[in-house]
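Following: one structure in structure tokens, then a few remarks.
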Number of protein chains: 2
Amino acid sequence: MKPTLQAVADAVGVSRSTVSNAYSRPDQLSAALRERILDAARQLGYPGPNPTARSLRRGFVGSIGVLFTSQLSYAFTDPFAVRFLAGVGAAAERHGTSMLLVPLPPAVTDARRAVENAAVDGFCVYCVADEEWALDVIRHRGLPYVSTAPRDNAGADERYVGIDERAAARSAAAHVAGLGHRRVALLADSVLPDAPAGPLTVAGVDQVPHPTTRGRLAGFADAFAEVGVGWAELTVVNAPGNSRKAAAAAIAELFDQPAPPTAVLAGSDVLALGVLDALAARPAHDRPTVSVTGFDDVPEAAAAGLTTVRQPAEEKGRIAAELLLDPPADPAAGHVLLPTALVVRDSTGPVPRS
Amino acid sequence: MKPTLQAVADAVGVSRSTVSNAYSRPDQLSAALRERILDAARQLGYPGPNPTARSLRRGFVGSIGVLFTSQLSYAFTDPFAVRFLAGVGAAAERHGTSMLLVPLPPAVTDARRAVENAAVDGFCVYCVADEEWALDVIRHRGLPYVSTAPRDNAGADERYVGIDERAAARSAAAHVAGLGHRRVALLADSVLPDAPAGPLTVAGVDQVPHPTTRGRLAGFADAFAEVGVGWAELTVVNAPGNSRKAAAAAIAELFDQPAPPTAVLAGSDVLALGVLDALAARPAHDRPTVSVTGFDDVPEAAAAGLTTVRQPAEEKGRIAAELLLDPPADPAAGHVLLPTALVVRDSTGPVPRS
DNA sequence: GCTAGTCTCTGTATCGATACAGACTGGATC
DNA sequence: GATCCAGTCTGTATCGATACAGAGACTAGC
């Protein structure tokens with residue numbers, strides 16, 4: 001058994017308090033005694049105050065939780081999520097705080113429990129799917145949190161950092177519409193819950209539950225509405241899982257149709273890259289000319305020449321963590337909207353004359 | 001103030017133990033009473049047992065630490081490290097365990113403290129630089145750990161998962177030597193501590209402190225020794241920080257020399273990609289033909305056509321976490337060497353006749 | 001010489017739970 | 001009717017520290 005603080009106190013012949021002070025408040029005792037205590041601790045093999053006991057007594061843990069409402073492995077697969085984590089990490093580093101990554105079991109009951117049991121001082125909630133239940137649990141625990149999306153019913157004291165999804169998406173769609181495209185597919189993750197991969201009929205964009213997806217689809221639709229292409233004329237394609245593979249699989253059949261879309265607007269770069277994969281997989285003679293746009297501007301997008309909407313990923317993570325660790329006095333400052341920019345590359349062009 | 005377990009007990013008129021059991025051992029009380037307790041808890045806004053207090057009493061935390069002996073942000077910048085993390089995450093997910101990422105302050109004293117204070121049940125130590133001090137602290141705390149490199153003085157009960165660095169490196173170098181290259185540069189991170197970027201004189205490979213770097217350089221040297229090129233004839237180039245930029249900067253000057261190397265063997269893909277960057281940055285008429293090899297086979301390597309040594313990154317993380325969470329009965333099974341494979345792509349070719 | 005003030009150090013209360021041994025029921029068994 | 005047992009619930013000890021008020025000793029200041 002590892003010795004406790006009491007054991008060190010006994011060995012030196014001082015009180016427990018004094019040993020505690022030797023570690024946590026060196027100014028509370030003489031340097032000489034402190035040395036004696038630390039020496040004795042070394043001798044006994046005392047590894048320093050037990051972090052858990054210390055956390056209990058002090059009332060805080062010194063770490064923040066990062067919540068992905070999806071498989072934890074997803075966080076490392078999605079390049080945007082990785083950049084986000086890097087930002088959180090940078091802020092955590094500056095504050096001397098650790099990051100706890102909490103995997104969530106698939107069943108909601110279990111997932112709630114996982115959030116309840118996480119030993120953290122607060123949460124950065126990265127919005128993947130509907131995370132309302134997670135926010136409930138966090139609020140219930142009385143912990144502060146920052147989410148990465150503006151929420152419709154956000155309380156005044158609720159902090160978030162996001163972008164104007166709708167306007168950003170609209171800018172990409174306006175670019176594509178401006179190039180003359182009218183037969184267009186919109187590709188997104190989790191358009192409707194539990195929907196299969198592939199083309200999907202969606203009555204209206206407000207049917208889409210996931211706020212981020214909804215915002216982006218709405219932005220796409222806005223731009224096309226302006227050139228006279230209504231929602232019903234747009235093909236919505238579901239790609240569950242937001243992976244390159246899923247996107248390629250979901251979009252593939254469209255290209256076999258007699259009149260394939262001349263443009264695909266994807267809800268993320270990962271999906272857009274999947275579309276490019278699907279195109280590349282076809283023999284050259286049977287490869288339609290399709291404009292493709294992404295969203296996020298992950299590192300891979302530049303290499304692929306993908307036209308996309310840039311949003312500052314690391315910045316998002318950094319600011320999320322900073323809002324959490326160092327809350328602004330003015331609650332209005334807790335709502336951050338980051339700038340986005342359309343980045344035009346080679347993956348979009350005018351409609352081919354056929 | 002959030003209510004405690006005691007408050008719920010008082011409200012229902014039962015003992016604290018019973019409330020505790022309602023959460024942690026449902027079989028210890030009648031279903032009816034359990035419901036009454038949980039109802040009261042909801043009513044009072046009791047968020048469930050305090051994770052810290054529970055950890056203290058139970059003696060374990062339910063999370064494992066992942067230690068990068070470098071900036072935490074490095075972990076998200078290096079694609080190999082990201083894949084490793086993904087593997088750890090997958091294993092953690094299966095075990096219902098959280099991952100704590102602990103940022104280490106630059107000063108060793110502070111860094112020791114950070115490791116001492118981490119509330120975890122064990123550590124996966126990802127070897128970036130010399131991490132002996134970290135292992136010391138962990139052992140001192142009596143916590144189990146798994147490191148990602150075979151260590152020279154590893155105790156029998158010490159677990160690790162790694163590759164045969166030397167043999168793997170040798171395979172890449174043998175390929176390059178077989179192509180006829182004799183004027184060769186070896187590029188690596190932290191060849192000597194605090195050495196500047198650029199070409200470096202290293203008396204012998206055993207001068208290199210970092211075991212991974214040493215192993216790879218030794219492997220490179222082995223293959224060239226076999227074709228009669230001694231250590232002294234090899235140019236060793238230091239690229240501190242293992243970044244693409246650092247590599248490009250460190251290697252650039254070599255290409256200005258009258259007789260530049262015809263091949264560069266890099267200690268990682270990131271460095272190798274940096275070399276390709278440095279070459280691409282030169283005007284076409286002044287661009288030497290240089291064979292380049294990397295190490296790791298990160299996703300970017302394939303796109304860049306980089307010849308490299310593949311090692312299973314996720315596997316490494318997954319196995320590290322599993323050795324930690326589920327220690328094999330047989331201590332010999334705690335030492336895992338993963339297979340590697342030379343992947344030949346376009347970045348290597350025969351020596352140009354000039 | 002007396003009051004203040006500063007340094008050190010101690011003692012007790014407390015953080016919020018879980019483990020474990022045992023007490024109390026009520027029915028089944030013989 | 002005594003015995004046993006399973007099913008429930010309670011009480012006490014404990015996990016390993018920190019906070020805070022205060023006790024002594026010692027120096028300063030007047």
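Chain letters run A, B, ... following the sequence lines, proteins first and then strands; every chain starts at 1. When reading the values below, keep in mind they use all heavy atoms of this one structure, side chains included, and skip hydrogens, waters and symmetry mates.
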For [X] and [N], give me the distance from atom [atom1] to atom [atom2], rounded to whole Å.
| X | N | atom1 | atom2 | answer |
| --- | --- | --- | --- | --- |
| A/Tyr23 | D/dA17 | OH | P | 9 Å |
| A/Asp27 | D/dA19 | CG | P | 12 Å |
| A/Arg34 | C/dT8 | CZ | C1' | 15 Å |
| B/Asp10 | D/dT10 | CG | P | 12 Å |
| A/Leu5 | C/dG11 | CG | P | 15 Å |
| A/Arg36 | C/dT8 | CZ | C1' | 13 Å |
| A/Arg16 | D/dG16 | CZ | C1' | 8 Å |
| A/Lys2 | D/dC15 | NZ | C1' | 18 Å |

For A/Arg58 and B/Leu33, take the nucleotide of DNA chain D holding the closest heavy atom to each; which residue's nucleotide lies nearer the 5' end?
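It is B/Leu33 whose nearest nucleotide is closer to the 5' end.
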Contact nearer the 5' end of DNA chain D, comparing B/Ala53 with B/Gln28
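Between the two, 5'-proximity favours B/Gln28.
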Contact class for A/Leu56 vs. all strands (heavy atom < 4.0 Å): base, sugar-phosphate, or nothing?
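Result for A/Leu56 = base.
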Need one value for B/Phe60: base, sugar-phosphate or nothing, where a base atom within 4.0 Å counts as base even if backbone is also close, heavy atoms only.
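Here B/Phe60 touches no strand at all.
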Does the side chain of [X] get closer than 4.0 angstrom to OP1 or OP2 of [N] through an N or O atom?
| X | N | value |
| --- | --- | --- |
| A/Thr18 | C/dT10 | yes |
| B/Arg54 | C/dT18 | yes |
| B/Ser24 | C/dT18 | yes |

Which is it for A/Asp10 and A/Gln6 under the side-chain hydrogen bond (donor to acceptor under 3.5 Å, both in side chains) test, yes or no, and what are the steps along the way?
CA-CA 6 Å; A/Asp10 292 347; A/Gln6 179 73 68; 3.0 Å; yes
Does any N or O donor sit under 3.5 Å from an N or O acceptor when you compare the side chain of A/Ser17 with the base of C/dG11?
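Flag set: donor-acceptor pair detected.
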Is there a donor and acceptor pair closer than 3.5 Å between the side chain of B/Thr4 and the base of C/dA17?
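Under the 3.5 Å cut-off, the side chain and the base do not form any donor-acceptor pair.
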Give a yes or no on whether the ring-centroid distance for B/Tyr126 and B/Phe84 is below 6.0 angstrom.
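Close enough - the centres of the two rings lie under 6.0 Å apart.
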Regarding B/Arg139 and B/Glu132, does a basic nitrogen lie under 4.0 Å from an acidic carboxylate oxygen?
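The answer is yes: the pair qualifies as a salt bridge.
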Could you work out which one of D/dA17, C/dG11, C/dA17 sits closest to the side chain of A/Pro49?
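Selected nucleotide: D/dA17.
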Counting only heavy atoms not in B/Asp194, do more than 12 fall under 6.0 Å of its CG?
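Result for CG/B/Asp194: open.
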Grab the two heavy atoms, one from A/Tyr160 and one from A/Ala149, that are nearest each other, plus how far apart they are.
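Of all heavy-atom pairs spanning A/Tyr160 and A/Ala149, the closest is CB-O, 3.6 Å.
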